[in-house]
Amino acid sequence: VSAVTQGLAVGLLVSLLFALVPLLEIRRVKPLLLLRADTVSTARARDWQSVLAGVLTVLALALVAVWQAGSIRAGLFVSAGFLVVALVLLGVSRLLIRLTAPLARSKRFALRHAVISLTRPGNQTRVILLSVGLGCFFILGMRSLQANLTEEFSVQLGTSTPDLVLIDIQRDQVDGVRALAARHAPMPPMLLPLMRARVVGIDGQRTKLADADAVRQHGRFTREFGLTFRNTLESNERVVAGAFWQSPLDAPAAGTDTDVSISEEVRRDADVGVGDTMRFDIAGAIVTARVTSIRKVGWDETQAGGFFFVLRPAPVLDRVGMSYVGFVELGGRADARGALQRDLVGAFPNVSAIDVSAVVTSIREIIDNVTLGVTIVGGITLVGGVLILVGAVAMTKFQRLYDAAIYRTLGASTRRIAAMVAIEYGVLGFLAGLLGAAGALGLSWALAYYLFEMDWRPAPVLLSVGLVITAAAVTLVGLAASLDVLVRKPLGTLRSE
């Protein structure tokens with residue numbers, strides 16, 4: 001009911017908004033002007049009220065987009081993309097007439113008269129470009145964004161994605177879980193220590209936060225972090241300052257319990273450097289650590305190296321609460337997955353096994369379904385553009401019948417007249433597809449870079465195919481809508497004159 005109500009409200013609002021501007025333009029038109037053929041072009045006069053109504057219409061449509069998106073950023077991104085593409089399409093429609101004007105002197109009859117037809121009064125070249133181009137932009141933009149999301153999702157999964165993730169493994173269960181997993185997995189599982197902690201103090205050269213209240217007022221480290229400890233760097237980590245340890249710490253420095261390696265994000269947000277001291281509250285135990293290195297972390301592959309803080313193994317860690325997380329690769333064997341889960345439930349009922357492959361499949365299905373739904377909406381937009389194209393052909397049908405009759409009288413064949421129509425609408429479709437694809441390219445880049453904050457990957461094959469399909473569809477629709485013009489005999493048309 002809510003969706004139906006919103007749809008009715010949006011449809012009514014958009015209809016009223018788009019009717020407002022032309023109604024304001026014609027409210028002062030004198031009847032006598034419409035009866036004079038030489039003044040029809042000046043019958044609609046724009047004033048500041050109609051211009052203001054146009055601006056308000058654009059703003060209202062942007063607010064509708066924000067409302068439906070449920071996000072100011074997302075709604076403004078999409079609205080800005082539509083506005084830019086619409087303005088470009090309108091501008092290019094004007095350039096089209098100027099750039100193709102020299103072709104009106106071509107020696108090829110069909111090309112010459114197809115170009116002349118683009119400037120025919122009432123041909124609505126700009127309207128066709130705008131409607132078809134926007135539909136193409138919408139569909140290709142969503143498909144391009146889907147390709148980026150899917151590729152980013154695949155990159156984040158990495159080449160060694162585990163089949164099962166085991167959580168809540170206790171210290172005394174580590175050897176047992178490792179031995180149990182070894183019966184079913186072709187390679188030993190990776191068990192990673194995991195502690196939950198909060199930053200409760202920083203004592204550095206540039207930042208000094210005496211206690212937990214000072215940390216909360218600072219605002220950057222109020223949340224809970226996941227910590228681990230190890231002696232080696234992972235493949236997605238690189239030291240950019242200081243030095244990473246190679247062995248456990250037997251004798252901590254005075255006033256500290258262990259060492260810590262921080263990520264670049266921590267250094268940037270808290271202005272913490274090598275040699276500074278940080279205090280962590282790990283399950284009620286306060287651990288003081290000296291910063292000895294700063295790491296650059298590649299967050300695309302975070303299975304083992306996705307930590308802001310990595311502690312150095314030290315005796316103090318034997319006294320804090322922690323659990324282990326396990327990553328098991330089964331080589332895609334479904335039978336081994338089920339057998340391992342059954343054995344885990346029997347031997348270690350507190351350990352939870354998450355089937356990563358099922359989660360990945362569900363996420364992919366969600367992405368595909370959402371993209372399909374948005375593409376259907378884009379298809380409806382494109383169908384609307386096609387209907388406008390049919391309407392534009394119908395509005396100029398009488399003029400086209402007259403022109404076709406003259407051409408036939410002068411010796412033009414049906415094939416030549418059809419070539420004229422095909423070239424005319426082929427140019428319109430190609431330009432609309434080209435600009436729609438270019439707009440989709442820009443939209444996918446903006447959404448990937450600013451909204452989703454991920455690497456942008458262009459999809460040239462997808463955009464090229466969309467361009468060709470748009471050009472072909474507009475050409476076919478133009479020919480189908482002009483079928484009566486192509487087959488009607490010229491005598492009846494000339495007699496009506």
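Leu330 has its side chain within reach of Val328: a pair of non-hydrogen atoms, C-beta onward, lies under 4.5 Å apart. With a 4.5 Å cut-off on side-chain heavy atoms, Val66 and Ser71 do not count as touching. Residues Val310 and Leu227 fail the side-chain proximity criterion, which asks for heavy atoms closer than 4.5 Å.
Going from atom CG of Asp257 over to atom CZ of Arg279 covers 11.0 Å, rounded to the nearest 0.5 Å. To the nearest 0.5 Å, the span separating CZ on Phe309 from CE on Met195 amounts to 12.0 Å. Remark: Phe280 CZ to Ile286 CD1 distance equals 11.0 Å, nearest 0.5 Å. Taken to the nearest 0.5 Å, the OG1 atom of Thr57 stands 9.0 Å off from the CG atom of Leu52. Atoms CG and CG, on Leu463 and Leu467 in that order, are 8.5 Å from each other to the nearest 0.5 Å.
Using modelled atom types, one side-chain atom of Arg230 and one backbone atom of Thr232 make a donor-acceptor pair closer than 3.5 Å. In terms of modelled atom types and a separation under 3.5 Å, the side chain of Thr228 and the main chain of Pro193 share a donor-acceptor contact. Of the possible donor and acceptor atoms, none in the side chain of Arg295 sits under 3.5 Å from a partner among the backbone N and O of Ala241. Using modelled atom types, no side-chain atom of Asp259 and backbone atom of Arg312 make a donor-acceptor pair closer than 3.5 Å.
For the side chain to side chain contact (heavy atoms under 4.5 Å, CB included) test, residues two or more places apart in sequence or in another chain that qualify with Glu264 are Val240, Arg267, Ile294, Lys296.
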Show which side-chain atoms of residues 436-444 pair as donor or acceptor with protein atoms under 3.5 Å away, not counting sequence neighbours.
residue: Ser444; atom: OG; partner: Ser144; partner atom: OG; Å: 3.3
residue: Ser444; atom: OG; partner: Ala440; partner atom: O; Å: 3.2
residue: Ser444; atom: OG; partner: Leu441; partner atom: O; Å: 2.9
residue: Ser444; atom: OG; partner: Trp456; partner atom: NE1; Å: 3.1

Less than 3.5 Å apart, which donor and acceptor atoms pair up between the side chains of residues 167-180 and the rest of the protein, not counting sequence neighbours?
residue: Asp168; atom: OD1; partner: Gln170; partner atom: NE2; Å: 2.8
residue: Arg171; atom: NH1; partner: Asp318; partner atom: O; Å: 3.3
residue: Arg171; atom: NH2; partner: Leu317; partner atom: O; Å: 2.9
residue: Arg171; atom: NH2; partner: Val320; partner atom: O; Å: 2.5
residue: Gln173; atom: OE1; partner: Gln170; partner atom: N; Å: 3.1
residue: Gln173; atom: OE1; partner: Asn350; partner atom: ND2; Å: 3.1
residue: Gln173; atom: NE2; partner: Asn350; partner atom: OD1; Å: 2.8

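Judged by the 6.0 Å and 45° rule, Arg73 forms no cation-pi pair with Phe77.
Checked for salt-bridge contact, Arg198 and Asp281 miss the test: no charged N lies under 4.0 Å from a carboxylate O.
By the 30° and 60° cut-offs, the orientation of the rings of Trp445 relative to Tyr449 is parallel.
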